[in-house]
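Each remark here refers to the structure printed beneath this line.
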There are 2 protein chains.
Amino acid sequence: MVDTRQRLIDGAIEAIRTQGLTGATARTIAATAGVNQALVFYHFGSVHDLLKAACLAATRARVEPFARRLDGVDDLRGLLAVGRALHDEEHARGNVMVLAQMLAGAQADPRVADAAAEALRLWIGPIEHVLARLLADSPVADALDIPGLARAVGAAFIGIELYDGVDPDGARSALDALDRMAVLIEVIDDLGPVARRALRGKVRRSAR
Amino acid sequence: MVDTRQRLIDGAIEAIRTQGLTGATARTIAATAGVNQALVFYHFGSVHDLLKAACLAATRARVEPFARRLDGVDDLRGLLAVGRALHDEEHARGNVMVLAQMLAGAQADPRVADAAAEALRLWIGPIEHVLARLLADSPVADALDIPGLARAVGAAFIGIELYDGVDPDGARSALDALDRMAVLIEVIDDLGPVARRALRGKVRRSAR
DNA sequence: GTCTATAGAGGGATAGAC
DNA sequence: GTCTATCCCTCTATAGAC
């Protein structure tokens with residue numbers, strides 16, 4: 001017999017994934033988890049607190065292996081390959097959708113806002129870390145704001161996940177377009193030393 | 001006495017904006033609109049149909065002036081300036097949030113999915129159009145997938161709007177980072193003709 | 001077209017037996 | 001810790017008076 005707390009957390013994730021935040025009620029969660037409905041309140045006090053716990057638990061469990069994979073990346077195309085693989089895996093598991101639903105719900109409900117913000121931060125941290133490492137000695141680094149860029153990447157992933165739900169073909173073409181931008185960045189990185197220096201100078205002059 | 005249909009549509013938008021899709025019930029919408037609750041069903045048949053109508057009406061009203069402003073843009077930084085201004089205005093009006101909420105709700109409710117997809121398409125169309133025009137003779141055009149890029153941009157806006165709800169500072173830094181990327185692209189566009197040709201060649205060879 | 005009243009379903013949460 | 005039973009609330013939607 002598995003731990004009931006864990007079953008409820010798993011049930012909450014599955015309920016959000018398949019029925020959205022609106023459909024994740026104490027009754028549907030308990031049914032998905034195969035436990036009694038009253039146990040939601042015994043173990044978590046309220047549905048909102050269970051949802052918060054589920055969102056954070058799911059995120060923490062997935063971010064750690066993701067961060068480890070990012071440590072093995074040593075160029076931008078590799079980073080995008082991991083990002084694309086991550087999107088496919090997490091989409092299948094439904095974790096990005098859980099976060100997206102929490103973010104949507106958080107807009108009007110401060111009770112889940114802090115958990116959603118924390119989960120998003122957990123994803124963005126490793127992205128920021130790897131971007132800083134990869135771009136450290138690129139001529140473009142001076143023109144970029146790495147922490148902000150990491151946040152933009154995280155937000156874009158959420159948006160694409162939502163897009164995927166209403167138009168899978170459109171979402172796929174958006175991801176393909178980002179893949180192709182990687183080629184562009186690689187080309188810039190592969191410019192000869194003369195062009196590289198010129199680029200660096202221009203970036204320095206413009207970046208204020 | 002204003003048209004009741006229009007009051008209900010405005011009320012629905014305001015209700016979604018301030019209370020999320022979950023809080024946009026027949027009662028709260030009618031209260032916001034200042035009309036009787038039963039009129040939701042008399043005029044629209046169901047709450048879902050009202051939400052769909054409201055989402056499409058709000059989107060159509062805003063996309064047209066947006067498209068006109070894009071016609072006046074003639075470089076990438078100008079495009080990003082319009083994008084940033086648009087984000088600020090629509091954020092204040094709440095239209096992006098309405099779309100984000102509809103997209104989140106659509107994941108588990110096919111009844112609103114088609115309206116959400118259509119509204120997203122309405123935004124993406126002008127973006128694709130202006131990107132194609134601006135990048136037509138850029139050396140980077142060959143490496144990019146314009147339709148996919150437009151979809152990525154639209155999705156990113158949705159994600160940043162949701163991010164804004166839980167962490168306004170983080171969302172602002174994400175937008176600032178995109179502004180700074182515009183500098184980078186401008187620098188590439190301003191490279192001398194020799195470097196430009198070299199870049200174009202490299203892009204051609206890589207883009208397959 | 002607009003109103004009141006209400007049916008019928010489903011939600012959060014609690015009491016209390018086991 | 002787990003269960004049944006239940007309270008009280010809000011929701012969609014409709015019936016029917018005006």
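So you know, we letter chains A, B, ... as the sequences are listed, proteins then strands, and number each from 1.
- For the pair Thr28(B) (side chain) and Gly23(B) (backbone), a donor-acceptor distance under 3.5 Å is present.
- Protein atom CG of Leu8(A) is 12 Å distant from nucleotide atom P of dG1(D), rounded to whole Å.
- Using a 4.0 Å cut-off, some side-chain N or O of Thr4(A) falls inside it from OP1 or OP2 of dT2(D).
- If you measure from atom CG of Asp3(B) to atom C1' of dG1(C), you get 11 Å, rounded to the nearest angstrom.
- When the side-chain contact (heavy atoms from CB on, under 4.5 Å) test is applied to Asp88(A), the partners found at least two apart in sequence or on another chain are Arg84(A).
- Under the rule for a side chain to side chain donor-acceptor pair (under 3.5 Å), the partners of His91(A) that lie at least two apart in sequence or sit in another chain are Glu161(A).
- Screening residues 63-74 of chain B for side chain to side chain donor-acceptor pair (under 3.5 Å), with sequence neighbours left out, gives Glu64(B)-Arg68(B), Arg69(B)-Glu89(B).
- The stretch residues 39-48 of chain A participates, sequence neighbours left out, in no salt bridge (charged side-chain N to carboxylate O under 4.0 Å, His left out) pair at all.
- Rounded to whole Å, atom P of dC11(D) lies 15 Å from atom CG of Leu50(B).
- Pairs passing the ring pair (Phe, Tyr, Trp, His ring centres under 6.0 Å) check and including a residue from residues 58-79 of chain A, sequence neighbours excluded, read Phe66(A)-Trp123(A).
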(request) Encode nucleotides 4-18 of chain C as B, S and - characters from 5' to 3', where the letter depends on protein heavy atoms closer than 4.0 Å: B to the base, S only to sugar-phosphate, - to neither. (result) B------BBBB----
